[in-house]
Amino acid sequence: MAIAKKEAGTPQSVAVVGAGPVGALAALYMAQLGWRVSLYEARSDIRKEQVYHGRSINLALSTRGILALRGTKLNLDEEVLREAIPMRGRMIHDQHGRQSSQAYGVHGEASRWTYINSVDRGKLNCRLLDAAEKHPNIKLKFGHKVVHCQPDLGALVVETGTDDARETFTISHDFIIGADGAFSTIRRALMRCTRMDYQQAYIPHCYRELTIQARVDAEGNRSFAMDPYHLHIWPKMSYMMIALPNTDQSFTCTLFMPQEKFDAIRSQQQLVEFFQQEFPDAYELIGRESLCEEYFRNPLGSLISIKCKPYHYQDKMVIIGDAAHSMVPFYGQGMNAGMEDVMILQEMLLRYQNSLSDALDAYTALRHDDAVAICDLAMYNYVEMRAHVHSPVYRARKAIEGVLYRLMPSYVVPLYTMVSFTTIRYSEATRRSQRQGRWIYIASGVALAVTLGLAFAATTISLSHHHRRHRQQAPTSAA
Ligand SMILES: Cc1cc2nc3c(=O)[nH]c(=O)nc-3n(C[C@H](O)[C@H](O)[C@H](O)COP(=O)(O)OP(=O)(O)OC[C@H]3O[C@@H](n4cnc5c(N)ncnc54)[C@H](O)[C@@H]3O)c2cc1C
């Protein structure tokens, strides 16, 4: 396969910093393009850890992520999906524990491209690392934290060892890919050598994870305590809880609330009263003991949104994944978008085979609008998930959108479908959705006019029947 080189000749060396899902995937793609890859990861090898100490335990994998896994041609998509649980829609829980399902696929079809998949984040990462380890072009370097980077020299300052015996060394590579997450060291270095526009915002909401354990019957058989084929949502207007299924038949719940609301719950009694009042069905399923233990033990996570530009410096380095665009998790796209970055980067490297610098220019130019679009959509979706999903207006709009999609699929495609089940560029999906709004507006007007017309006709007919009957029954005064 072709390789974008600084100059023709021997394969170049690339450092990928961060062996999260995006970095591990990038290492594979680069190795397959013929680069010699060193994959630096600050943490120890997660495959040897008992418990995964990362961010959320499970996450939703959708079309963009699946296709990026497939792009390795190593069957990784099949392997990962074999261990995934398909979520075909949202299950909305109301105050009284009543549930209503809202399908993701508007045609009611059940295919991989119309549902999202709950995957174990740790297992997915392990699969990618296993594949990377097998590739002869990749060297995995766990416990190697990049503490500094000198882009002009392609140099990384790397720290290894434990607190007792730390060592630091400097190493050079032809090219550096920063996939080191939201608090990226590589992005910080990029800021110093480019005129980077940078924007970050913490939202007032934080998150904490809780567990609904599997049901176990007298014979020891395990089963899910709720429908496993849905993403469960408890919308509460200004906050919410969601739950995703796990393959061990448990659910991981994530409670999203403003930090002050978390801080205000200080005692077990307050916590129990809050859950009994706001999430009565979830309270029964989690159980008092487990709730109190997990709530006061599990860390409170912050949610940050980061946008920046450019993503690269000359032909020296580029940032991808959360390092380039961190988003709030409400569209379930952070990792999917990061994996798509890897595919787009590969596409640019192949398109501009003779100039890495041109390839990276093109990458930033193409990807930035999309990253901004999905960061904004993710922010918007939080309002939709916690405040709109219950509303009759929202449901009516969704229903009309679904009907229009059936009738004229080339004109109207629901935004969620474009984002989660296609590879339409995020920025294009946003624009199309705004344009489609017009059709939905017109269709809503027509539907309203028809409904009013029918209601008016029905009333008129019934009144005229009533008058006729009345006239027939009335005594005549004529002699
Ligand atoms: C609550 C929550 C739910 C989410 N749900 C979803 C979802 O459903 N679907 C979805 O697509 N996304 C979801 N996301 C987003 C997703 O987690 C991220 O987008 C994804 O993890 C980004 O992957 P990454 O590899 O770019 O970064 P990370 O996963 O953050 O990995 C970065 C890696 O770099 C390493 N590293 C950091 N600094 C250094 C350094 N200096 N030197 C060496 N190594 C370093 C870290 O140890 C880490 O292993 C969710 C996020 C949260 C918080």
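This is a predicted model, so every value here is computed, not measured. In this chain, numbering begins with 1 at the start of the sequence shown. Both ligands and their constituent atoms are indexed starting at 1 by order of listing.
- Contacts of D322 with ligand 1, taken as heavy-atom pairs under 4.0 Å, involve both backbone and side chain.
- With a heavy-atom cut-off of 4.0 Å, M327 does not touch ligand 1 at all.
- Here L61 has no heavy atoms under 4.0 Å from ligand 1, in either its backbone or its side chain.
- Neither the backbone nor the side chain of F183 has a heavy atom within less than 4.0 Å of ligand 1.
- The ring of Y283 has its center no closer than 6.0 angstrom to the ring center of F279.
- A centroid separation of 6.0 Å or more is found between the aromatic rings of Y229 and Y115.
- For the 3.5 Å distance criterion, the side chains of Y426 and E428 fail to qualify, holding no donor opposite an acceptor.
- In this structure, R351 pairs ionically with E347, as a charged nitrogen and a carboxylate oxygen lie closer than 4.0 Å.
- For the residue pair W35/D174, the side-chain donor-acceptor check at 3.5 Å is not satisfied.
- Residue nearest to atom 16 (C) of ligand 1, selected from R121, H144, R64: R121 (by heavy-atom distance).
- Checking only distances, N58 never comes within under 3.5 Å of ligand 1, N or O to N or O.
- Aromatic pair H205/Y239: ring centres not closer than 6.0 Å.
- Counting heavy atoms only, D180 comes closest to atom 37 (C) of ligand 1 of the residues I57, V147, N117, D180.
- In the vicinity of G334, heavy-atom distances shorter than 4.0 Å reach the ligand 1 atoms 10 (C), 11 (O), 12 (N), 15 (C), 19 (O).
- Checking S44 against E49 by side-chain atom types alone, a donor-acceptor pair falls below 3.5 Å.
- In this structure D370 satisfies the side-chain hydrogen bond (donor to acceptor under 3.5 Å, both in side chains) test together with R425, S427, sequence neighbours excluded.
- With ligand atoms numbered from 1 in the order given, ligand 1 contributes 23 (O), 24 (P), 25 (O), 26 (O) to contacts under 4.0 Å with heavy atoms of V22.
- Each of the atoms 7 (C), 8 (O), 9 (N), 10 (C), 11 (O) of ligand 1 lies under 4.0 Å from some heavy atom of A60.
- Not close to ligand 1: G338, with no non-hydrogen atom less than 4.0 angstrom away.
- Side-chain polar atoms of N381 and Y416 form no donor-acceptor pair below 3.5 angstrom.
- Only backbone heavy atoms of A179 (N, CA, C or O) come within less than 4.0 Å of ligand 1; its side chain stays farther off.
- Proximity to G321 (heavy-atom distance under 4.0 Å) selects the following atoms of ligand 1: 26 (O).
- Compare G301, G23, A15, A42 by their heavy atoms: the one nearest to atom 43 (C) of ligand 1 is in A42.
- Of the listed options G20, G18, G181, G181 places a heavy atom closest to atom 27 (O) of ligand 1.
- The V17 neighbourhood of ligand 1 comprises atoms 42 (N), 43 (C), with distances under 4.0 Å to a heavy atom of that residue.
- Here the shortest heavy-atom pairing between L67 and Y29 reads O-OH, 4.3 Å.
- When non-hydrogen atoms are compared, ligand 1 lies under 4.0 Å from the side chain of P329 (C-beta onward) but not from its backbone.
- For the salt bridge (charged side-chain N to carboxylate O under 4.0 Å, His left out) condition, no pair includes a residue of residues 178-206, sequence neighbours left out.
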